[in-house]
Amino acid sequence: MSLELPTTVPLQAYLALAAILFCTGVWGLINSRNAVRVLMSIELMLNAVNINLMAFSSYLDGQLIRGQVFAIFVITVAAAEAAVGLAILLSLYRNRETVDMERFNLLRW
Amino acid sequence: MTIASSTQFLCFAALSAAVAIGALGVVLLPNIVYSAFLLGGVFLSVAGLYLLLNASFVAAAQVLVYVGAVNVLILFAIMLVNKKEAMAEIPGLALRRVLSGAVCAGLFVLLLRVAFITPWATPGPEPIGDEATIRIGEHLFSDYLLPFELASVLLLMAMIGAIVLARRDVLSADIVTGEPADQGLIEKSRTPLLLETPAPASPAMPTPVLEKR
Amino acid sequence: MTLAAAADPSTAVTAITSLQLNAGAIAPEAAVLIAMVACLLVDLAGEKAASRWVPPLCYGGLGGALVLLALQWNASPLEPAFLGSFLADNLAVAFRAVVAASTLLSLLISWRYVEQSGTPVGEYAAILLAATLGAMFLCGSTDLVSIFVSLETLSVASYLLSGYMKRDARSSEAALKYLLVGSAAAAVFLYGASLLYGLTGGATSLEAVGLALQTSTTPVAALALVFVLATVAFKIAAVPFHQWTPDVYEGSPTPVVAFLSVGSKAAGFALALRILVGCFEGFETQWKLLFTVLAILSMVLGNVVALAQTSMKRMLAYSSIGQAGFVMIGLVCGTEDGYAAMVLYMAAYLFMNLGAFACIILFSLRTGSDRISDYAGLYQKDPLITLGLSLCLLSLGGIPPMLGFFGKIYLFFAGWADHQYLLVVVGLVTSVVSIYYYISVIKMMVVKEPQEASDVVKAYPTPSWNIAGLQPLRTALITCVVVTAVGGILSNPLFNWASSAVAGTPMLQRVLASSAALPIG
């Protein structure tokens, strides 16, 4: 049943989708002016990585599925990172009253 | 879980279209609330892809953690910092967007090329399907025990740190000398240089917003 | 958190060893972990109790970790722990010792700073210990998943620490910038790691990755190399991945900067050795070329831009970029001497950099300033800071007979022996540049007449040490300065230590043997 899987959707299709998602995330990371959106772009990049890992896990490592375990770790860490990111954002917002990346210029880039 | 191959292909096409379009929406839509909801859509579609890949446990984790926690957290953040802000125009912004778009397109072509010309070792062993959850449990308690334990430290530390940074404070005094403190850097900003108040008495700034120029 | 107790070998050591996990390999980390949990528990009793009990707990944990690390030195037989996730070879032990010592010294210089700013002490120590834990695991991880999780533990803790002065916009801003750049770097690393996972056909251990890379010359390996290298370069703040460094260093609490500039960087170099040297052997020429470029850019840009800085913290930030460039010479050489010089220089850098940070923290505690011009005429008011800072800066600049001189000469010697003439010449020239700006700070402190002293120095309080938290600072300052000054003369044991760190690392020995066999065969 699950043997049919590789014959229908090739591995490369998943990799291409991950590449699209990753590049979209990179573009958002560079261009977003709202700090929350930058965090969202990072989540997109992490999801791209997860798609890669899951696809490899299913197509190349079907028995040991290490990729699935890796993906679970990525999800865990991403959640921690998001929580920390939003806490930092909140404390910055209290100090500066803005989330505009272009105005975070107390420290010169 | 038997899905006829054509159905599967259709599902993949629909889900990946949702992922790609949703992701573009996340980075392009001017209203950030729409972006956040689209991000939830992307997460859900990715969970659907995991189901197609026979990974029900990770799909559930994706829905619970990403949609249930991360996305909700982001929505809360938007709610808390959602002040109408007139973002000042920046000269050359359009050019910057186009240039970075070109760079990302180049990166995409590179990644795509690598994905297609690499001889991946397909087909691998037959997927174990529904027993994946058991296998994941075995991994977490054998060869991935160390990262598993370390992840618990990471989560504990992230939790404590996030609370410390985000809460409004009860304590803002030097615990040893009892003098008032401002929870700021000891090195004060340049402009109000502290001449009249000799240290170690750290002077309480009237406002925490310190402008350099 | 379900099994946090199981990672602690003192309680569950019998159960774990029966599975042949070799959990003893992480005993030093367990000591740090126990100290961290104890700090959190003590903190529940209130701030007063925390400020009293947290410091001794941290000293106990980190001191215990250092002792346990010393016991692991030259362990034989060397067996991988946790079914191949961790390896306590001499390289890992050496770098973990550098990390633990840097945390210990940073904590010693932190207490007064944290208390004076009115932020909670217990959580500060716990987060710093968690960062240490991440960095120590990173030094010994031999598996992509372990590397990723420990890297993120270190990074997330560092973001939290740099934003710890939460009422200060500069601190929050530094934390946000660090978080965004750091998470992006982590995502890039993960993309590279996922490609490596695909390339091996489903294995995550570095050994398997190295094997798969030996047989493949496909572009995917090159792409993964670039992705992984970018992350390593971010962690060690090599130009052009350095943009975050000056901002984060200027905006973060100074003791945190002290940790980031030594502990975090040491972990980054350990990661570089393990991944680049251990796995990407087949791409040696490529990554060495890239690292040569990075090293030259770092040395030139770091040292030249440091000339123009007016803030002490920012100057040390740029100088640390330059110093990372010097260490990279050892990495590029790829000879036994090169690796040993890296280890030696990191150890030397630990003492001289933390000594300098101890001095500038003491100065800012007393004056609230870190402008270089405010140091004018300091020697009349505070000879200890003047002497300590002068010695540490001279050592950083590489003036004999300080510790830094011997570290640097060893690096240059290793580079010259490996025919890296360009790197060595650039290193020598930029060293001279760095001596210029280090000396100008010393000149500012020493040469000025009393009437030329800055207003801050004129209003300088009489040095007193009776406030709690200043004694540890003084201890750390004097230790660092003494080691920096005397270590140069007595550096022979350090040389031996660094050489045996390389000799006791099977991974490096294998690479050295194979590269020695190449020209003959």
Side-chain angles (χ1 to χ4, degrees), chain A residues 11 15 18-19 22 25-26 29-30 35 38-39 41-57 59-67 69-71 73-74 76-78 80-85 87-96 99 101 104-109, chain C residues 143-146 148-149 151-153 155-157 159-160 162-205 208 220 243-244 246-252 314:
Chain A
L11 171 65
L15 299 186
F22 192 77
V26 172
L29 184 78
I30 302 171
V38 180
L39 282 173
S41 304
I42 289 170
E43 298 300 335
L44 288 182
M45 288 164 75
L46 290 175
N47 266 280
V49 171
N50 269 356
I51 292 179
N52 252 354
L53 286 172
M54 297 297 288
F56 283 134
S57 162
Y59 284 84
L60 308 178
D61 191 20
Q63 280 300 314
L64 287 174
I65 53 165
R66 291 200 183 89
V69 185
F70 204 156
F73 280 113
V74 176
T76 313
V77 169
E81 223 169 52
V84 168
I88 291 173
L89 190 69
L90 217 60
S91 82
L92 180 58
Y93 185 74
R94 287 202 189 121
N95 293 331
R96 298 288 316 269
V99 286
M101 295 299 293
F104 294 150
N105 53 4
L106 280 188
L107 311 163
R108 288 147 295 170
W109 261 116
Chain C
D143 176 282
L144 287 176
V145 179
S146 308
F148 166 65
V149 176
L151 184 72
E152 281 301 290
T153 310
S155 309
V156 173
Y159 312 149
L160 288 168
S162 38
Y164 206 72
M165 301 294 145
K166 60 181 173 183
R167 294 284 184 77
D168 198 316
R170 289 169 298 166
S171 182
S172 311
E173 198 179 307
L176 188 72
K177 282 179 179 170
Y178 196 13
L179 176 108
L180 296 178
V181 182
S183 316
V188 169
F189 172 79
L190 274 176
Y191 205 93
S194 76
L195 290 179
L196 289 177
Y197 172 70
L199 193 69
T200 57
T204 56
S205 73
V220 65
Q243 269 99 349
W244 59 278
D247 285 347
V248 171
Y249 281 20
E250 193 184 359
S252 306
R314 225 175 154 84

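- Atom CG of L180(C) is separated from atom CG of L89(A) by 8.5 Å, given to the nearest 0.5 angstrom.
- Between V74(A) and L190(C) the shortest side-chain heavy-atom distance falls below 4.5 Å.
- Contact record, G198(C) with L60(A): O-CD1, 3.3 Å, taken as the closest heavy-atom pair.
- The ring-ring contact (aromatic ring centres under 6.0 Å, His included) test applied to F70(A) returns no partner, not counting sequence neighbours.
- Proximity to chain C (any heavy atom under 4.5 Å) is shown, for F73(A), by both the backbone and the side chain.
- For the atom pair CG (L53(A)) and OH (Y191(C)), the distance works out to 10.0 Å, reported to the nearest 0.5 Å.
- Taking both residues in full, the closest heavy atoms of R66(A) and G202(C) are given as NH1-O, 2.5 Å, listed atom of the first, atom of the second, then distance.
- For V49(A) against A187(C), the heavy-atom pair with the smallest separation is CG2-O, 3.8 Å.
- Residue K177(C) holds its NZ atom at 13.5 Å from CD1 of I88(A), rounded to the nearest 0.5 Å.
- For a residue to count as touching a neighbouring chain, one of its non-hydrogen atoms must lie under 4.5 Å from one of that chain's; by this rule V26(A) does not touch chain C.
- Using a 4.5 Å cut-off between heavy atoms, A19(A) contacts chain C through both its backbone and its side chain.
- Shown here for D61(A) and Y197(C), the closest heavy-atom pair between the two residues is OD2-OH, 2.8 Å.
- Take S183(C) and apply the side chain to side chain contact (heavy atoms under 4.5 Å, CB included) test, not counting sequence neighbours, and it matches I42(A), E81(A), Y159(C), L179(C).
- When all heavy atoms of E173(C) and L92(A) are compared, the closest pair comes out as N-CD1, 3.7 Å.
- Note that OG of S171(C) is 8.5 Å distant from CG of N95(A), once rounded to the nearest 0.5 Å.
- Closest heavy-atom contact between S194(C) and N52(A): OG-ND2, 3.1 Å.
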